[in-house]
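Notes to accompany the following structure.
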Amino acid sequence: MLNQKISRRDFLAAVAAVSALGLAGCGGTSADVGSASASADGDLLAQISDRGEMVFATEGTWSPWTFHNEAGELTGFDIEVARAIADKLGVGATFAEGEWDGLLAGLDSGRYDTMANGVSVTPEREGKYDFTEPYAYNRIVVITTADSDIASMEDLEGKTTANTLGSSYATLAESFGATNTGVDDFNQTIQLLESGRIDATLNDEVVFYDYMNQHPDAALKIAAENDEPTHVAFPLRREAATESLLAAMNEAIAELREDGTLAELSQEFFGIDITEA
């Protein structure tokens, strides 16, 4: 028995179980994301190990972060990073698709373990959630029609934009004086922009270039960009039950960065490496 090998999954489950015992007296609560054994109560990593799967919330409509390919399969940079992290934890990855404004609500209620949807780390979100170490960095840009006179973030004052409600893009646009219209996804935003119903939209630089690669005749341009790159990370509920999962995910992200997996996935889906600040 002394020479018996233990799998990474069994090791993580054992660590989580020990953590659960220590956290039980700290008021930790278990997440409502499936049936977990009594021994896993109060520790999300232990529940995930018992389930054999980790549940990620995602839109599935935001290429190249999360989308369906021509075969109808869910993929994208975030999706494949999530699968790689779950694999490091010795479990499978399950994805629950929905509209953006319901994803964080589902995380809050415990329906999902975390989100794989290019979630930007903002001061407001940091006040509510614990975030993993960043696994990507991107720059927010202002997208307009080719003939727009918008040339800076300050030019958004008095203009109309469209983004999903509660997104970092909507918040940034409003901070510069724009009036934001809520939409369901990026494709709907572009339809509003091209029809002249809004003046601009904010999104990731890589999302714009991905869209232009697929629609080379679109009369759109990047009119301005935000000064600082945003940090992209996985959000977790801020509670004792997620502490061991946060540590395990950070370890997995560090390993994926060190072995080159993050950079390879970034090159595959973006054509550039956005995994380094």
Side-chain angles (χ1 to χ4, degrees), residues 55-85 93-107 112-122 125 129 131-132 134-144 161-173 180-194 198 200-215 218 220 222 225-226 229-235 262 265-272 274-275:
V55 182
F56 296 85
T58 193
E59 285 180 293
T61 58
W62 189 39
S63 178
W65 294 88
T66 164
F67 65 98
H68 290 263
N69 60 22
E70 294 180 355
E73 301 163 332
L74 183 64
T75 188
F77 176 71
D78 262 5
I79 302 303
E80 302 310 327
V81 170
R83 287 177 172 143
I85 288 175
T94 297
F95 299 94
E97 298 181 54
E99 296 178 1
W100 168 264
D101 55 0
L103 299 184
L104 284 173
L107 177 62
Y112 317 128
D113 298 320
T114 186
M115 282 175 60
N117 210 86
V119 181
S120 298
V121 181
T122 66
R125 291 173 185 162
Y129 302 99
F131 281 90
T132 64
Y135 59 93
Y137 304 84
N138 63 69
R139 194 173 296 278
I140 296 177
V141 298
V142 179
I143 303 170
T144 66
T161 60
N163 280 108
T164 49
L165 295 176
S167 67
S168 56
Y169 313 117
T171 301
L172 184 60
N180 182 72
T181 296
V183 293
D184 294 334
D185 55 41
F186 181 68
N187 291 329
Q188 184 179 356
T189 302
I190 294 299
Q191 291 171 7
L192 291 176
L193 182 60
E194 292 182 324
I198 60 172
T201 184
L202 278 63
N203 215 293
D204 293 344
E205 181 180 26
V206 292
V207 171
F208 170 78
Y209 287 124
D210 179 73
Y211 183 84
M212 294 302 295
N213 284 336
Q214 298 178 45
H215 305 85
L220 302 174
I222 290 178
E225 63 181 32
N226 197 30
T230 58
H231 295 193
V232 179
F234 293 97
L262 290 182
L265 289 174
S266 181
Q267 289 287 350
E268 176 183 350
F269 289 101
F270 301 125
I272 57 174
I274 67 168
T275 65

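- Neither side chain, Ser168 nor Thr122, offers a donor N or O lying under 3.5 Å from an acceptor on the other.
- For the pair Val55/Asp113, a side-chain contact is recorded, criterion being any heavy-atom separation below 4.5 Å from C-beta on.
- Atoms CG and OG1, on Asn117 and Thr164 in that order, are 8.5 Å from each other to the nearest 0.5 Å.
- Taking the six-membered ring where the residue is Trp, the centroids of Tyr211 and Trp62 are separated by 6.0 Å or more.
- What you find for Asn163 and Asn180 is that their closest heavy atoms are N-OD1, 3.0 Å.
- Side-chain contact check for Pro64 versus Val207: some heavy-atom pair is nearer than 4.5 Å.
- Here the side chains of Phe234 and Ile85 are in contact, with some heavy-atom distance below 4.5 Å.
- Side-chain contact check for Thr66 versus Leu74: some heavy-atom pair is nearer than 4.5 Å.
- Between Phe269 and Thr75, some side-chain heavy-atom pair lies under the 4.5 Å cut-off.
- For the atom pair CZ (Phe186) and CG (Asp204), the distance works out to 9.5 Å, reported to the nearest 0.5 Å.
- The minimum heavy-atom distance linking Arg125 with Gly166 is given by the pair NH2-O, 3.2 Å.
- Inspection of the Asp210 and Ser63 side chains reveals an N or O donor paired with an N or O acceptor under 3.5 Å.
- Closest approach of Glu99 and Asp184 over heavy atoms only: OE1-OD1, 3.5 Å.
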Exercise for review: Show your working on side-chain contact (heavy atoms from CB on, under 4.5 Å) between Thr58 and Ile79 and close with a plain yes or no.
Suggested key: CA-CA 8 Å; Thr58 193; Ile79 302 303; 3.8 Å; yes
- Item | Residues Phe270, Trp65; criterion side-chain contact (heavy atoms from CB on, under 4.5 Å); working and verdict | CA-CA 9 Å; Phe270 301 125; Trp65 294 88; 3.8 Å; yes
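- To the nearest 0.5 Å, the span separating CD1 on Ile140 from CD on Glu205 amounts to 11.5 Å.
- Using modelled atom types and a 3.5 Å distance limit, the side chains of Glu194 and His215 yield no donor-acceptor pair.
- Minimum interatomic distance between Tyr137 and Thr275 (heavy atoms only, all atoms of both residues): CE1-O, 3.6 Å.
- Scanning both residues, Ile274 and Ser266, for their nearest heavy atoms gives N-OG, 2.9 Å.
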Working note: Phe208 + Ile190, criterion side-chain contact (heavy atoms from CB on, under 4.5 Å); need CA distance, chi angles, decisive distance, verdict.
CA-CA 10 Å; Phe208 170 78; Ile190 294 299; over 6 Å; no
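- Here the CG atom belonging to Asn203 is positioned 4.5 Å from the OH atom belonging to Tyr169, to the nearest 0.5 angstrom.
- A distance-only check finds a donor-acceptor pair linking the side chain of Thr114 to the backbone of Pro235 [under 3.5 Å].
- Leu220 approaches Ile143 most closely through the heavy-atom pair CB-CG2, 4.5 Å.
- In this structure, CD1 on Ile198 lies 7.0 Å from OG1 on Thr161, to the nearest 0.5 angstrom.
- Note that CZ of Phe56 is 13.5 Å distant from CG of Leu103, once rounded to the nearest 0.5 Å.
- Between Trp100 and Val119 the shortest side-chain heavy-atom distance falls below 4.5 Å.
- The closest donor-acceptor contact from the side chain of Asp101 to the backbone of Leu165 lies at 3.5 Å or more, if one exists at all.
- Using a 4.5 Å cut-off on side-chain heavy atoms (C-beta onward), Met115 and Leu104 make contact.
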* To do: Begin with the C-alpha distance, continue with both residues' side-chain angles, and end with the deciding distance and a verdict on side-chain contact (heavy atoms from CB on, under 4.5 Å) for Leu202 and Asn226.
  => CA-CA 10 Å; Leu202 278 63; Asn226 197 30; over 6 Å; no
